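Each chain gets a letter, A, B and so on, in the order the sequences are listed, and its residues count up from 1. Computed from a predicted model, the values in this text were never measured in an experiment.
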Amino acid sequence: MSKPRLRFAPSPTGSLHIGGARTALFNWLWARKSGGTFVLRVEDTDVARNTRQSVEAIFNALKWLGLDWDEGPAHADDAAGGPHGPYFQSQRSALYREFAERLVRSGHAYRCYCTPEEEVEARRAEAARVGVEVDKLVGWTFVSPWRDKTAELDKPYAIKLKAHAPDSKELIQWKDLVLGTIKIPANSLRDEVLIRSSSPMPLYNFGCVVDDHTMGITHVIRGKDHVINTPTQILLYRALGAELPTFGHLPMLMKDQSTKLSKRDGAVGVDQYDSQGYLPDGLLSYLVRFGWSFGNEELFTKAKLVELFDWTRVSKSDGIYDFNKCRAINQKFIAKVATVDELATRVLPFLAKRGLAVRAGHPRLADAITTVKHRADTLAALADEMDFYFRAKPEVDESAAKQYFKPEFAAALDALAQFAEENVPTRDERSGAFADAKAPLDEALRKKLTDLALDMKVIGQPVRLALSGRIATPDLASMMLVLGPQVSALRLREAAARSRSATVENP
RNA sequence: GGUCCCAUCGUCUAGUGGUUAGGACAUCGGCCUCUCACGUCGGUAACACGGGUUCAAAUCCCGUUGGGAUCGCCA
């Protein structure tokens, strides 16, 4: 048996939606797991809604997620893109026309000279006959008078699929990879338009089947909203004399129990997760749960996902998208899964956004991250937590300064400045893990406080504010260690000076 | 309404005939503590309902109810 070929076929009408990302993920996963091929095809036949900008946004989102494709356009202007190219449907019109005419010749399709307006009119007439409003008319489909005619007229025509014989009792069925066997009565299908009368572009079902067929796609994995398209597509495969791919329909992502997640529901664009500082694998770990789970595990790298994925663990029921849970997963990913090196690379742009031009390999970067990675749920938050380590002077929380920078603390702050100079090792002086240097420093600090007859509970916040400008930070010893003896001492002395000159407030 | 699909804590889920129905997020409380977090301990909280099958059902079957998808010369 030949290797599986899977595809993701987005329509470029906006940025990549997380639902689309989920679908792409499952296709990619099986391609990687099975040693098959992952194809990217752009279904850009709706010229009114498609934009080149969207094409690029989708490609970028896929790249950011790390869902690399083996075949397909490398960029928005890549006309070839691989052995089955072009991969933009808008560039394949001739092919669709050719297949459509072939179906007309073989009797599976016909030229319908009715105009869309005539069909609308027929619908209206039927509604009037039955005595209901047009949009209340159900279960009625337009039957073209051209269905069994072969005449060629000199006027525009749509090519329609002859879906089934009028008295067909056939059940169209397939074994769905996730839903199991599904049977749908053929007579519930209508004569679908393959190619419009007014445009060379194919309609969805036709373009999809022609492409999946000519591109050798073996597995069609998509959202459950496509279940209803499947029988029509099966008819099309049959008409083409083509082998059926395996279909798999994934559960939907819902906003709540009664609404499916739409483009207006907040953070649904993958690009937004990128700019908010999510980790690609963090997002993917959450998205994969919409359809797949592995025991109670919820943190997966892509490599792990490829290793563990299989179709027997795929679920059928729709899931409600929970932004909080997504963020919680990302937080755990930052704290527990991502390496300091990876975080160091990824946090740089977020530091830059704060005006901090920290370069990769900055001597304080790795240590800074180890002190704050348990405190952030996004890279943006991580950058915020690290901010004070990299500023020449910390940005002081003024209301906290009023509370903690008081004359009575000045002497202590000076004394601790000296302590820092004498006890905080420089980076060159220490080796080994951060924690190995921190523990003794922490101990020394406590001893010093005892010697000075200072209570940590009292002096802690002034010192914290001195070192960081903030009232919520990592522990004191950690900050001193990251900052180093000189900077620590400098900040403590400045705080001491400021405290000394602070006026005593009258309550 | 036709057709199709689905159904375990608020949410995502584990569970594949015998469990005190487990975990995670959220939530509530305790502990830890130099702040905020992290961590940790514990609490509240679920098998939609009704019939079968079986010694035994969250698990299998049927029905009901509830929810979703779809019904374009969009994708």
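Here the options are A:Arg41, A:Gln233, A:His219, the test is side-chain hydrogen bond (donor to acceptor under 3.5 Å, both in side chains), and the partner is A:Asp212; only A:Arg41 passes.
The interatomic distance linking A:Ile320 (CD1) with B:C6 (P) rounds to 18 Å, in whole Å. Atom pair A:Asp322:CG and B:A24:P shows a separation of 16 Å (rounding to whole Å applied). The CZ atom of A:Phe290 sits 12 Å away from the C1' atom of B:C25 (whole-angstrom rounding). Taking atom NZ of A:Lys175 as the reference point, atom P of B:C4 lies 18 Å away to the nearest angstrom. Rounded to an integer number of Å, the gap from A:Glu297 CD to B:A14 P is 13 Å. If you take CG of A:Asp377 and C1' of B:C38, they are 13 Å apart, rounded to a whole angstrom. Distance A:Arg470 CZ to B:C34 P: 22 Å, rounded to the nearest Å. The separation between A:Leu299 atom CG and B:U13 atom C1' is 15 Å, rounded to whole Å.
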Quick one, A:Glu443 with A:Arg446, criterion salt bridge (charged side-chain N to carboxylate O under 4.0 Å, His left out). Give me CA distance, side-chain angles, the key distance, then yes/no. CA-CA 5 Å; A:Glu443 203 175 319; A:Arg446 283 169 197 281; over 6 Å; no
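Comparing the P positions of B:G22 and B:A58 gives a spacing of 14 Å, expressed to the nearest Å. Across the P atoms, B:U11 and B:G68 are found 14 Å apart, a figure rounded to whole Å. Separation of the P atoms belonging to B:C49 and B:U8 is 11 Å when rounded to the nearest angstrom. Nucleotides B:A69 and B:A75 are separated by 15 Å at their C1' atoms, to the nearest Å. Comparing the C1' positions of B:G50 and B:C55 gives an interatomic distance of 23 Å, to the nearest angstrom. Across the C1' atoms, B:A26 and B:C12 are found 11 Å apart, a figure rounded to whole Å. The C1' atoms of B:C6 and B:A48 are separated by 13 Å, rounded to the nearest whole Å. Taking atom C1' on both B:A57 and B:U19, the two are 13 Å apart, rounded to the nearest angstrom.
A:Asp44 and A:Ser90 are linked by a side-chain donor-acceptor pair at a separation below 3.5 angstrom, with hydrogens and angles left out of the test. Checked by atom type, the side-chain pair A:Tyr204/A:Ser11 shows no donor-acceptor distance below 3.5 Å. With 3.5 Å as the limit, one finds no donor-acceptor pair spanning the side chains of A:Asp367 and A:Thr370.
Across all strands shown, B:U20 has no partner, as no Watson-Crick or G-U wobble contact with both distances under 3.5 Å is found. Using Watson-Crick or G-U wobble geometry with both donor-acceptor distances under 3.5 Å, B:A14 finds no partner in any strand shown. In a base pair of the Watson-Crick type (N1 to N3 plus N6-O4 or O6-N4) or a G-U wobble (N1-O2 and O6-N3), with each distance short of 3.5 Å, B:G42 is matched with B:C28. Base-pair partner of B:A69: B:U3 (Watson-Crick or G-U wobble, both distances under 3.5 Å). Shown here, B:G63 forms a base pair with B:C49; the pair counts as Watson-Crick or G-U wobble because both key distances fall under 3.5 Å. When both pairing distances are held under 3.5 Å, B:A56 makes no Watson-Crick or G-U pair with any nucleotide shown.
Between A:Lys316 and B:C6 there is a side-chain polar atom (N or O) within less than 4.0 angstrom of OP1 or OP2. Contact annotation: A:Arg327 side-chain N/O to B:C25 OP1/OP2 distance is not under 4.0 Å. Of the side-chain N and O atoms in A:Lys332, one or more sit less than 4.0 angstrom from OP1 or OP2 of B:C25.
Side-chain N/O atoms of A:Arg289 and base N/O atoms of B:U13 include no donor-acceptor pair closer than 3.5 Å. Remark: the A:Lys325 side chain and the B:A24 base include a donor-acceptor N/O pair separated by less than 3.5 Å.
Atom NZ of A:Lys162 sits in a crowded spot, with more than 12 heavy atoms from other residues, nucleotides or ligands closer than 6.0 Å. For A:Gln173, the CD atom counts as densely surrounded, since its 6.0 Å shell holds more than 12 non-hydrogen atoms of other residues, nucleotides or ligands. Counted within 6.0 Å of CD on A:Glu170, heavy atoms from surrounding residues, nucleotides or ligands total more than 12; the atom is thus considered enclosed.
Ion pair A:Glu298/A:Arg289 flagged as a salt bridge, since at least one NZ, NE, NH1 or NH2 atom sits closer than 4.0 Å to an Asp/Glu carboxylate oxygen. Remark: A:Glu398 does not engage A:Arg470 in a salt bridge, criterion side-chain N to carboxylate O under 4.0 Å. No salt bridge links A:Arg123 with A:Glu119; every basic N to acidic carboxylate O contact stays at or beyond 4.0 Å.
Sequence order on RNA chain B of the closest nucleotides to A:Gly319 and A:Asn296 puts A:Gly319 first from the 5' end. Position along RNA chain B of the nearest nucleotide to A:Leu179 versus A:Pro474 favours A:Leu179 as the more 5'-ward residue.
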What side-chain donor-acceptor pairs closer than 3.5 Å can you find for residues 379-386 of chain A, not counting sequence neighbours?
{"unit_1": "A:Asp384", "atom_1": "OD1", "unit_2": "A:Arg354", "atom_2": "NH2", "d": "2.7"}
{"unit_1": "A:Glu385", "atom_1": "OE1", "unit_2": "A:Arg375", "atom_2": "NE", "d": "3.1"}

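The residue A:Asp442 sits close to a base: some heavy atom pair falls under 4.0 Å. Within 4.0 Å (heavy atoms only), A:Leu476 reaches at least one base atom of the nucleic acid.
In this structure, the nucleotide among B:A14, B:U35, B:U3 sitting nearest to the side chain of A:Ser293 is B:A14. Picking from B:A24, B:U35, B:C38 the nucleotide with the shortest atom distance to the side chain of A:Glu298 gives B:A24.
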Protein-to-nucleotide contact annotation, 5' to 3' order, nucleotides 63-75 of chain B [B base; S sugar-phosphate only; - none; under 4.0 Å, heavy atom]: ----SSSS-SBBB
Return the polar atom pairs (N/O with N/O) between nucleotides 28-31 of chain B and the protein under 3.5 Å, or none.
none

